[in-house]
Structures are given as structure tokens and as C-alpha cells.
There are 2 protein chains.
Amino acid sequence: MKASWFNWVRIAAVALIAIWWVAPGFAQEPLPSWNDTAPKKAIVAFVERVTKPGSPDFVPPAERIATFDNDGTLWAEQPIYFQLAFAFDRVKVLAPQHPEWVTMEPFASLLKGDLKGALGGGEPAIFQIATVTHSGMTTDEFEKIVRDWIATAKHPTTGRLYTEMVYQPMLELLAYLRANGFKTFIVSGGGIDFIRVFAERVYGIPPEQVVGSSGKTRFELQDARPILMRLPEIDFINDGPGKPVGINAHIGRRPIAAFGNSDGDLQMLEWAKGGSGVRFALIVHHTDAEREWAYDRNSSVGKLDKALDAAQAEGWTIVDMKNDWKRVFSFEGK
Amino acid sequence: MKASWFNWVRIAAVALIAIWWVAPGFAQEPLPSWNDTAPKKAIVAFVERVTKPGSPDFVPPAERIATFDNDGTLWAEQPIYFQLAFAFDRVKVLAPQHPEWVTMEPFASLLKGDLKGALGGGEPAIFQIATVTHSGMTTDEFEKIVRDWIATAKHPTTGRLYTEMVYQPMLELLAYLRANGFKTFIVSGGGIDFIRVFAERVYGIPPEQVVGSSGKTRFELQDARPILMRLPEIDFINDGPGKPVGINAHIGRRPIAAFGNSDGDLQMLEWAKGGSGVRFALIVHHTDAEREWAYDRNSSVGKLDKALDAAQAEGWTIVDMKNDWKRVFSFEGK
């Protein structure tokens, strides 16, 4: 008797939660920060096609996989990739323990504030900086370092926290897709363990749904305590043709929708579009020099050239940030 | 007006679904195929501790990560690992295209049915067999090959489909954990792309929650069609100390509960137990020569020696299959 009474209380509670959950869905228009232009219409049309039961284009929820690039797609990437800013800040913090850096490139230039000189060494210089800042500690220690940095570090031109430099329309798009049964993943050229630290809080994407570049780690017992040590060795570069490889390794299913902004995303979009059934590919084109930055074919950061050609040739959706987004950042107008 | 009417219909529908969903929860005892012995009690006590709101041991749902070994933990692994049986069957299928195999080891012995001779070459022989059967095709083609095989291939001693050789008590455990907000993962030394083909259907575990050993793949355009080609190169061995590494790479969170049956699972269990808060580690001990197989310290398949010592020393939960499980397979007694 008692169990039955509890049962009805539980049912009533669940019903109330259901009302609370269903009701706002009718009140609110999706994607409020998007203008009513072609990209928004294309997104909504795609979602309605694949979610409508009985439709020939219906896709079961388990297969509604959507993958998003991070830098330049979910958050900004100018004037330098934010993870590079993290690495530079770490070099400054670590410098007192490395007196030899005063005369050793690329550290010497970096510590003098000469970014151009530091990066003059090209990929080997960046690899050296990445190595000293991203390896030689446990995975738990690295997570804490990133967590502390991202809680306080400010963007050099806007003075905002880096986690405020996320695109409001893309946050709404993530939420809209999830509300329609999609599972959203980040598939980034950036470091997997760097992004995981804030992806859940900022994007609502849990660590297990983040795919990115990685270094090797090794299991060790340190004073009988199990740890994972971060080694100074590249494991995988999740960029360009690496993105479909990373998607297959981590997700094991082909996305039905993919979102990017640069040539590093081209193969991911091709991979998503190459599957059977209805597919969606979208390029965020940085066209707004006032609210954000305007750059594409000749940019050293987030270069968009071949992927723009492909998007135009294949009829993928191209977001013109200036004309298609009502606002870019949530802090605008505040 | 119309929207509001639809709204109430939707609410009523959700409420009905809620009733249907809540009601059976009261009727059914969890883990019906488990005897009421120590392991079942330990599992239930652990789940109740970490899920009770307000308890000092409460773990938020997002962090309720549980990892399961596959061979010998979720399904049987005798007389040989099932994926090896798949590889042997593939060698037979492919033999007509490879007349040279008639005189070439390990294929020659294998084709004569001399398993012992074929495996006499040790790891290089196994690697050779794995290479010709697991690479040289696209990821889509491999998936189809496994799907076709597993739909029909029979276990050599029971005559059952391999997917029937799963442990009923473990299926119930997976369901029980998920009903309590856990996210369940497979973390196997077996091939990630092999397990993914049936894990969703058989275990309710989607491809993106399977971690395993892998070969390298390469993105290519084949007649303008994007494909992933499986290369004859090992990418990662997800076994022993590789399991915590694989868990970190794919999940990015430390499991709070881990389940295994052999020395290959030792480090995964140590890794799970090494985190803060309440943790759970369980070893399935194969003690039932009648309903299944009895083996541990001296077995060439699923050797359980060091992990058994560790489990005893550390007080991990040890399942004695003979005494703790009411039934092993769902087909028993049919």
C-alpha cells in the first residue's frame, strides 16, 4: 500500500517536471541570435527533415551525430589561437625555473614579448613551446593548470575571459540540436585535454564527446598511487584529413552534420556529407570586422580557402557572420 | 489556441510515458540472475551510496562512469577469444584469393585446421593473421564483414551464436547501472571496430562508448568519394597499462567503477580505485566448469593471477561465477 502511494507521488512529480519541460518549448523560437536568413532556414529545414517520424529522411536519435570544430567555429581564434596564448603564459610562469631560456630560442624572444621572433622558428619552435608547457606533469596536474588559467586569463584585445569569447549563435545551435535528439561533439585541431577542461561548463559537451589532438601518456605507479604521466611525444594531430580519422577512432559513427570554419575542417565536412541520406555541412565565414574579425583566404590563423571553394561548389551552408548573426558574443551591448 | 491544445496533449502523453516508466521500477528487484551473496550486496550498496542526494558520497550523474572489459567479463572467451575465431574464419574465406598461403605459415597450418601449429609462431603469427583479416579494406567494408560474420558464426562447443555467449548477470548489471544514471563503457583489449558492430544491439552500449585496440586508418578520396582505409599498422594496444591510457584518451574522466576478469584489467581497476571518493572494482572469477569454464592463474586465455592477488589484498569484489550467479547465459534451461 505504501509503495503504491509513493508511486503516485512519483508519477505526479514526473508529470509536473514534464509540464515544466514541455511548456517552454512552445513559447520560444529556436536560434534567437540568428537572423531569418538562408543559414537559419537551412538548419531548421534539415533538423525537421531528419527528426520527423515516418519521413523517408528520418534518422534515429542514436545516429544523430553532429561534430563541431572549436577554434573559429565555437569560439574566436584571433589574434592567436587561445591555446597558444595559454602556452605563452605558461612559458612566462615557468621561466624562473629555466634560467637557460634567457638565451635559448624560441623562449628568449617570447620572454622579451617578441611573438614574431618566437614563432619565426616555425613548427619546431611551436613544438618546443608545446612540449615544455603540455608535458612532464600528470593528467590531473595539467587539468588543474588549465582550469586555473582559463578562470582568470583575459583576451588581449577585448579584455574578456576566453570563455566569454564563444559565439552566442553557436551555443544556441548546440542547444537546438540537442533538444532535437542530436549528440554534439567537438572535433578540434586543438588539444583534447585542454578543451575538455571547459567544454562541459561552456558548451554543455562532456569530456567523452571531445575529440582533439593529443600527446602520449604513460600509466605509472607513483608511491603506489596510479597516475598518467604526460609525455613529450605527439600521439595524434586531429586536423585536416586527421579529423575523419579522429571521428572514426572516438565516435565510430559518421556524423550527419558537421560545422567548421577553415581548411582544417574540409575533410570532416566531406566525410559527413559523404554518407547516405540527408546530410548537413556548414562553414562559419568570418566577415565581421566590427563585432569580431574579418579574414579568410590569406589569414595565418583559421585560413579559409579550399573549404570555401568546396562549400560554394557543393552548395554547403555558409554563414556570413556580419549578415546572418544578430549578435556574435553574449556580452554585446552590455 | 491550437498550440495550447497540442501542448496539453503532449503533456498528457509525457505523463503516460512517465507512468509506464516509473511503475515497473517498483515491481522488479534489480539483478535477478545474481544470488543474494556478497558481490550483489556490494554492488547495490555502492550504487546506493553514490546516488543518494545529500549523501557525502554522492556523485553527480555526469561523473558516474563505469568501464567494463569485454572478453571474459561481458561475454565468454573460451576456447579462444572470439575475435580470433573471426580472424581464422576470414583466413578460410580469403584463402582462394591467396594460393601462396598453402605453403606459407601461419596460414598453411591454419588452413589444415592445425590451430596449435598456426599459433606456434607467437605474436608475429597472430599479427600476420590480424593484418590480412583486419586491414586493406575501408572502415565501412570491415563493418559489413563483421556484421555478416557475427550474424551467423557459431561457438565451437555450445553451437550458440557468439552474441548469445554474453553473461546474463552482466547484462542486468549494465542495465542497473544505467538506470541509476551511470554511463557504461566497454574498455577492451579487443578491436574497437570489431566490438562496435554489436555492442549497441547486444549490450546497449553505443559505438562512441567503446574503447579498444585499434589499427591506423587513412582518409582518402576514392573516385571523389571520401573513405577511411584500414592500414596494416597497429595504432594502439588497449590492454594492461594501456587501459588507463585508452580511458583517458576516449573518456577523459576517471571511472568510479571498473569491471574485469584478467591481468589485462589490473591497471584499469587500479586507475578506477585510485581516484578520490567512493570507488568500486570487481573481478569476474571463472569458477564454473559446468555452466561455463573454470580457469585462472594458468590459463593462456584470460589469465587471472596478479589481478586476483591484488583483488584479495585490496578487498575488491570477486565474483565466484559458480556460487554468485543464478545463471550464466540467458539460454540456460531452454
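Every chain is numbered from 1, with letters handed out A, B, ... down the list of sequences.
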Contact between W271(A) and P255(A) at the side-chain level, heavy atoms closer than 4.5 Å - yes or no? yes
Min side-chain heavy-atom separation F142(B)-L228(B) under 4.5 Å: no
Is the side chain of R178(A) donor-acceptor paired with the backbone N or O of K183(A) at a distance under 3.5 Å, no angle test? no
Quick one: which of [options] has the most heavy-atom pairs under 4.5 Å with chain B, could you say?
| options | answer |
| --- | --- |
| N248(A), I227(A), T217(A) | N248(A) |
| E143(A), E200(A), E220(A), K216(A) | E200(A) |
| Q209(A), R218(A), R254(A) | R254(A) |
| I251(A), I192(A), T139(A), D235(A) | I251(A) |
| G240(A), G275(A), G274(A), A249(A) | A249(A) |
| E270(A), K273(A), R253(A) | R253(A) |

Per-residue contact mode, R196(A) against chain B (heavy atom under 4.5 angstrom): side chain
I want to know whether F185(A) and F68(A) have ring centres closer than 6.0 Å. no
Classify the ring geometry of W149(B) against F194(B): parallel below 30°, tilted from 30° to 60°, perpendicular beyond 60°. tilted
Among V278(B), I256(B), I65(B), exactly one meets side-chain contact (heavy atoms from CB on, under 4.5 Å) together with V59(B). Which residue is that? I256(B)
